[in-house]
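Okay, structure first, notes after.
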Amino acid sequence: MAHPLQLGFQDAASPIMEELLHFHDHALMAVFLISALVLYIITTLMSTKLSNTNTIDAQEIEMVWTIMPAIILIVIALPSLRILYLMDEMSNPDITVKAIGHQWYWSYEYSDFADLNFDSYMIPTKDLSPGQFRLLEVDNRMVTPVGMATRTLITADDVLHSWAVPSLGVKTDAIPGRLSEASFLISRPGVYYGQCSEICGANHSFMPIVVESLPIKEFLDWSSASETA
C-alpha cells in the first residue's frame with residue numbers, strides 16, 4: 001500500500017499493473033526527451049545573437065517537425081493499445097465475484113459457491129486493533145486465490161461508485177442498472193487496499209476496499225468456513 005511522502009505508484013501485485021508501470025516509464029521518457037529538446041531550442045534562441053535567414057523557408061525542417069511528432073505518437077500508442085487489449089474482458093475466469101456498491105459500504109457475492117455473500121463495512125477508528133489502518137480496514141475482506149484469474153462484476157445499488165484497487169491496476173465505475181467487468185490475476189499473497197473513487201455522498205471517504213489474496217488451499221478453507229457461518 002502507499003506510504004507517506006511516496007512519489008511513485010504502489011508496488012504492482014498483478015501482471016496488468018506491471019505492464020501499466022512499464023508503460024508509464026516508457027511514456028515519461030518520451031515526455032522527458034521532448035521537454036529537453038524544447039528547452040535546448042529555447043535556450044539556444046535566447047542566448048545566441050546570430051540568425052540565419054535560410055531557416056525562414058526551410059521545407060526540410062518543416063518536414064522534420066511534422067513527421068517526428070507523428071512517430072512519437074505511434075511509439076506511445078502501440079504499447080498503449082496492447083495494454084488496453086490485455087485489460088479487456090477475460091474469456092475463461094477461474095472465479096467470479098460480484099461487487100455491489102451501496103451508500104456507504106460494499107457487498108460481495110461469489111457466484112461459484114452456493115451461499116457465499118457478505119457485506120463489507122469500514123471499521124470505525126475506535127474499534128481498530130493495533131497495526132490496522134485508519135479509514136482502510138473493513139470487517140469482511142474480499143478474498144481471492146493467488147495465481148487464479150478473477151473476474152469482478154461491478155454494479156451499484158443506489159448512486160455512482162467506483163471500485164478501485166491501485167496495486168492491482170483496477171478502477172471500474174459501479175453504475176446502477178449496469179454491470180461492469182474488471183479482471184485481474186494476483187501474483188502473490190497479500191492484502192491490497194483501495195477506496196471508492198467516485199464521489200457518492202456524505203460518507204464517500206468511508207467505504208474502503210480490501211482484497212486479500214490467499215493460496216488456493218487457504219482460500220478453499222476460508223470459503224467453506226464462510227458458507228457454514
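Asn117 places no side-chain N or O within donor-acceptor distance of the main-chain N or O of Tyr108, the cut-off being under 3.5 Å. Side-chain N or O atoms of Ser223 include one that pairs as donor or acceptor with a backbone N or O of Leu220 at under 3.5 Å. Checked by atom type and distance alone, the side chain of Gln6 pairs as donor or acceptor with a backbone atom of Phe9 at under 3.5 Å.
Nearest heavy atom pair, residue His161 against residue Ala156, reads CD2-CB, 3.8 Å. When every heavy atom of Val146 is checked against every heavy atom of Pro215, the shortest pair comes out as CG2-N, 4.0 Å. Taking all atoms of both residues into account, the shortest heavy-atom contact from Ile123 to Asp139 is CG1-N, 3.7 Å. Contact detail for Pro189 and Tyr192: the closest heavy-atom pair is O-OH, 3.6 Å. Here the closest non-hydrogen pair linking Leu185 and Ala149 is CD1-N, 4.0 Å.
Contact annotation: the side chain of Val159 approaches that of Gln103 to within less than 4.5 Å [non-hydrogen atoms, C-beta and beyond]. Here the side chains of Val210 and Trp106 are not in contact, with every heavy-atom distance at 4.5 Å or above. Annotation: side chain of Pro15 is not in contact with side chain of Met17 (no heavy-atom distance under 4.5 Å). Between Ile16 and Phe184 there is no side-chain heavy-atom pair separated by less than 4.5 Å. By the 4.5 Å heavy-atom criterion applied to side chains, Met87 and Glu19 are not counted as neighbours. At a threshold of 4.5 Å between non-hydrogen side-chain atoms, the residues Trp222 and Leu116 count as touching. The shortest distance between side-chain heavy atoms of Phe23 and Ile76 falls below 4.5 Å.
Between the CG atom of Leu128 and the CE atom of Met122 there is a distance of 8.0 Å, given to the nearest 0.5 Å. Between atom CD1 of residue Ile83 and atom NE2 of residue His24 there is a gap of 12.0 Å, rounded to the nearest 0.5 Å. Rounding to the nearest 0.5 angstrom, the gap separating the OH atom in Tyr110 from the CE atom in Met142 is 5.5 Å. The distance from atom CG of Leu86 to atom OG of Ser183, rounded to the nearest 0.5 Å, is 11.5 Å.
Residues Leu153 make up the rest of the hydrophobic cluster containing Leu179, defined by ILVMFWY side-chain heavy atoms closer than 4.5 Å, directly or through other members.
The hydrophobic clustering, which links ILVMFWY residues whose side-chain heavy atoms are closer than 4.5 Å, places Phe219 and Ile186 together. Residues Leu160 and Ile209 do not share a hydrophobic cluster, defined by chaining ILVMFWY side chains whose heavy atoms lie under 4.5 Å apart. Val138 and Val143 fall into different hydrophobic clusters, defined by Ile, Leu, Val, Met, Phe, Trp and Tyr side-chain heavy atoms under 4.5 Å apart, directly or through other members. Linking ILVMFWY residues whenever their side-chain heavy atoms come closer than 4.5 Å, directly or via other members, places Phe118 and Met207 in the same cluster.
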Scan the side chains in residues 194-206 for donor-acceptor partners under 3.5 Å anywhere in the protein, sequence neighbours excluded, and list what turns up.
residue: Ser197; atom: OG; partner: Gln195; partner atom: O; Å: 3.3
residue: His204; atom: ND1; partner: Glu198; partner atom: O; Å: 2.9

Just list the side-chain donor-acceptor pairs under 3.5 Å for residues 130-137, sequence neighbours left out, or say none.
residue: Gln132; atom: OE1; partner: Ser129; partner atom: N; Å: 2.8
residue: Glu137; atom: OE1; partner: Arg141; partner atom: NH2; Å: 3.4
residue: Glu137; atom: OE2; partner: Phe133; partner atom: N; Å: 3.4
residue: Glu137; atom: OE2; partner: Tyr193; partner atom: OH; Å: 2.8

Ignoring hydrogens and angles, write down the donor-acceptor pairs under 3.5 Å from the side chains of residues 95-102, residues two or more places apart or on other chains.
residue: Thr96; atom: OG1; partner: Arg151; partner atom: NE; Å: 3.3
residue: Thr96; atom: OG1; partner: Arg151; partner atom: NH2; Å: 3.1
residue: His102; atom: NE2; partner: Ser107; partner atom: OG; Å: 2.8

Per-pair distances, 0.1 Å, donor-acceptor, side chain in residues 164-176, under 3.5 Å, sequence neighbours excluded:
residue: Asp173; atom: OD1; partner: Ser162; partner atom: OG; Å: 3.3

Name the atoms and distances for all side-chain donor-acceptor pairs under 3.5 Å in residues 25-35, with sequence neighbours left out.
residue: His26; atom: NE2; partner: Val75; partner atom: O; Å: 3.1
residue: Ser35; atom: OG; partner: Val31; partner atom: O; Å: 2.8

Pair Asp94, Thr150 - check side chain to side chain contact (heavy atoms under 4.5 Å, CB included), show working. CA-CA 6 Å; Asp94 298 309; Thr150 302; over 6 Å; no
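Counting heavy atoms of neighbouring residues, nucleotides and ligands inside a 6.0 Å radius, atom CE of Met148 exceeds 12 of them.
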